[in-house]
Amino acid sequence: MAAYVLRRLMLALVTVLAATLLTYVLLRLVPGEPARAILTRIFVQDQAATVSSADVARIAERYGLDAPILLQYGRWLSGALTGDLGVSIRTGRPVLTELCWRLSATLPLAALATLSALALTFASVALKRRARSGRVAAVIDTFAIGTIALPSFYLGVVLVILFALKLDWLPVSGFSSWAHLVLPVTVLALGQFGFNVILLDDALNEAYAAPHIATARAKGLDEHAVFARHALPNALVPFIPYLALQFAFLIGGVVVVERLFTIPGLGAYLMDALDSHDGPAFLGAIAVIALAVALANLIADLVVARLDPRIRLGRGRA
Amino acid sequence: MLRPSFRPFAIVFLAAMAASAALAQERPLRVAEIWEIPTLDPTQDGTLMKEKAMVTETLVAGKPDVTLAPGLASSWTRESETIWAFKLRSGVKFHDGSPLTAEAVVASLSAALQRGGTVRSYTKIAALRARDAGTVEITTSDSFPALPAALVYASAAIVSPASPKLADGTIERPIGTGPFKVTSWQPAAHSFSVERFDGYWGEKAAIPAVTFRGIPDPTTRSLELQKGSIDFTAEVPYGDLDMLAAKGFAVSRNVTARNYVLNFGRLTDTPFSDRRVRKALSLAIDREEIAQYVLFGMGRPGIAPFPDTMAFADASIVVPKSDLAAARKLLAEAGYAPGQGGAMAKDGEPLSFTLYTYPQRPGLVPIASAIQSQLRKLGVAVDIKVTTFAAIAKEMKPGDARLAALASAVYPDPDFYLRQTYHSKGATNSWGYANAQVDAALETAITSRDEAERKRAYDLVQRIVAEEEPCLTIAHYGVNVVMKPSITNYAFNPIAHDYMLDPRMAIEP
């Protein structure tokens, strides 16, 4: 078990390195010299500004942008391996400090959104199965599809108008209290909820259709026991990896919601770093996101392995 | 009757109410800044510290009509072609109480030149020296009469050498000379506060403090205004302006020193090399319609390089009314005739091009679409491509065009924009416009020490380019400012890069 976890952690590290290298090369291949981008986006703050080639050259020299891409990456990597992620060109602050700031906003947001979505998903699926009425199921399905169809920025604005302006219960934007988290968490949770319900419902249907459920019922187990011991664990096998990926997405991919609610999260940080060619900030953000994806997958795999004896740690792997 | 457990809470609440009533007149102005606030370094975000937060000042100040006024320098003299002496205003103190000295100015400007950015190329400063405690000597790399104007550039603001810095030299918290001083700064939350500086050399600010929060989303700024959690902001969605005005907010639509410009790829060996073709396209574009219906009044139709709010604009230039018939006639003179489906063509070659633009300025893509539909009526097919500004330079072919929002007065002098755009060796004149008369007038103006002669020369350049149209100025950029009606004494300053606050602003109770 320990060896498996260790192997997977090593693999996670390789994933992170590959992700940072690949994206860094891509960043540097974006049209327009990086030094010009840094100059116009960070120092002049007008991408259409006229800048002299001498200005551009000075920036290139100062940030070592003339070196071959792989050498630039190598410099970053050798620092990163000792825990030094460099200094952001945009702010002059250590990237590690800024990533910690951003994660202190992003992690609670992602965790609360995932948990709320999960609670809502289980409640809806339970209601759907308990009710056994076509109408309840139709309402839940419509709601689920509706949340999928609704773009998050639109839903966000509607919720703000309703709860912050009309009812005056909650703040519009910012990140200085728990009340500020309510609306963005709701938007993100509803964004996950629809797919969650469909996936879990399907997985449960499939699990219930398996012959061993009939066996369990035939041997006299009550429905609770059938659900808890036989149906649910099997249904969770496809559901949990999906959940892990969704959580990882929330770490770096929710820039629209972060912008609307002015939350200083990791997604907005990545976009700004990309926009201004802030290499160190960009690499740091990519490393954190890649790490989140790798760890979320690892945890999901470990949970699934506990649930499903067939894939338990290599044994029985055909 | 309150239950006992609520009593302490109620007492605290009532006390807070009483305190807030007493403070009502002294409460800070809450501003939603339109960008994120990653740094307060004036060499990086000069306009934030100078124009918005009023923390820093420059040696020379710019007046609303885009003329110059004494700033931290009370006077200046040009002693030779390249040597200037700036006499410092006496009695000026930095926010830490230390006096403004020539040494401090030299240290501040030297650091700004070192930090990168464009201070060096905009000001052409080659050397700096403190001649005595109150005089700074500046040597420029070549003859540059616009130096005082270039020193208005916000990134050339003067900060105390004692300003706290980060390891890489970034100024963490500028200690300036302005009417407000930075009192708190939360970089993680993109917000900071300034307080009135009682040791200010000029008229003291009327408001005690201002808080700034970076809210980059225009919709969010509009919602925060409606909620009442901010007092002042700029650049809300154009479509929200009428609604906000109806709700009682003070809404102003202002013109700033930025132009929406259509640049042709090349003026040689393309259809655009024919002046009549450019003129026809210009006449077919309905600038009035664009300003009114595409920009919701956020911008002013324009054909000249500068809006008439600027002192150095030639106010005699009028924007011609859109005239399709005249445009068709010009195209016919240029040898174009309607071919298949009415598409204008010459020698079997249809007149069509790709119009490149970028999404960061809200007006660009809608204007491009309007131009596309207006030129379709002329029989000219326009294909729109939206990408990044940097990518346009790589992708655009000589027969294509670009729509951009270009700063027309980075600092208050006409030379910068006219030279880069219309001089045959201009930095942005990649389309190859060359007019000996324009070049000569620009040289006359830059070397002359006679203001009237300079004005005549710049007027001539503006009239020539408005006639020849090597690039099409479509409109002058508009900025909206929205605030609570309780804010008084605010006047929009057109030299602002986004918006400018005013130390005389007050909040009525």
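Residue numbers start from 1 in every chain, and the chains themselves are labelled A, B, ... in the order their sequence lines are given, proteins ahead of strands.
- Most heavy-atom pairs under 4.5 Å with chain B, from the set A:Ala164, A:Pro94, A:Pro264: that is A:Ala164.
- Considering only heavy atoms from C-beta on, A:Arg62 comes within 4.5 Å of B:Arg115 through its side chain.
- Here B:Tyr122 is the residue among B:Tyr153, B:Tyr122, B:Trp35 with the most heavy-atom pairs under 4.5 Å with chain A.
- When every heavy atom of B:Ala427 is checked against every heavy atom of A:Thr50, the shortest pair comes out as CB-CG2, 3.5 Å.
- Atom CZ in B:Arg258 sits 4.0 Å away from atom CG in A:Asp46 (nearest 0.5 Å).
- Listed here is the closest heavy atom pair of A:Leu170 and B:Lys227: O-NZ, 2.9 Å.
- The two residues A:Trp101 and B:Pro187 make their nearest non-hydrogen contact at CH2-CG, 3.5 Å.
- Chosen from A:Val157, A:Val44, A:Thr40, A:Val51, the residue pairing most often with chain B at heavy-atom distances under 4.5 Å is A:Val44.
- For the residue pair B:Gly117 and A:Phe43, the shortest heavy atom distance occurs at CA-CB, 3.7 Å.
- The shortest heavy-atom contact between B:Asp217 and A:Arg259 is CB-O, 3.6 Å.
- Applying the salt bridge (Lys or Arg N to Asp or Glu O under 4.0 Å) test to B:Lys165 and every residue at least two apart in sequence or in another chain returns nothing.
- Here the closest heavy-atom approach between residue A:Arg90 and residue B:Gln44 is recorded as O-NE2, 2.5 Å.
- Side-chain contact between A:Thr262 and B:Arg213 is present, with at least one heavy-atom pair separated by less than 4.5 Å.
- Between the side chains of A:Asp55 and B:Ser121, at least one donor-acceptor pair of N or O atoms lies under 3.5 Å.
- Residue contact with chain A, scored on non-hydrogen atoms closer than 4.5 Å, involves the side chain of B:Glu36 exclusively.
- Here A:Ser173 is the residue among A:Gly156, A:Ser173, A:Gly174, A:Ser52 with the most heavy-atom pairs under 4.5 Å with chain B.
- Within the 4.5 angstrom heavy-atom criterion, no atom of B:Ala154 approaches chain A.
- Under a cut-off of 6.0 angstrom, the local environment of CD in A:Glu61 is sparse, with at most 12 non-hydrogen atoms contributed by other residues, nucleotides or ligands.
- Contact of A:Asp272 with chain B is made through the side chain alone, with heavy-atom distances under 4.5 Å.
- Of residues 218-225 of chain B, those residues lying under 4.5 Å from chain A by any heavy-atom pair are B:Thr219, B:Thr220, B:Leu223, B:Glu224.
- Under the 4.0 Å criterion applied to side-chain N and carboxylate O atoms, B:Asp168 and A:Arg93 are not assigned as salt-bridge partners.
- Between the OG1 atom of A:Thr91 and the CG atom of B:Leu166 there is a distance of 7.5 Å, given to the nearest 0.5 Å.
- Looking at B:Ala404, neither its backbone nor its side chain comes within 4.5 Å of chain A, counting heavy atoms on both sides.
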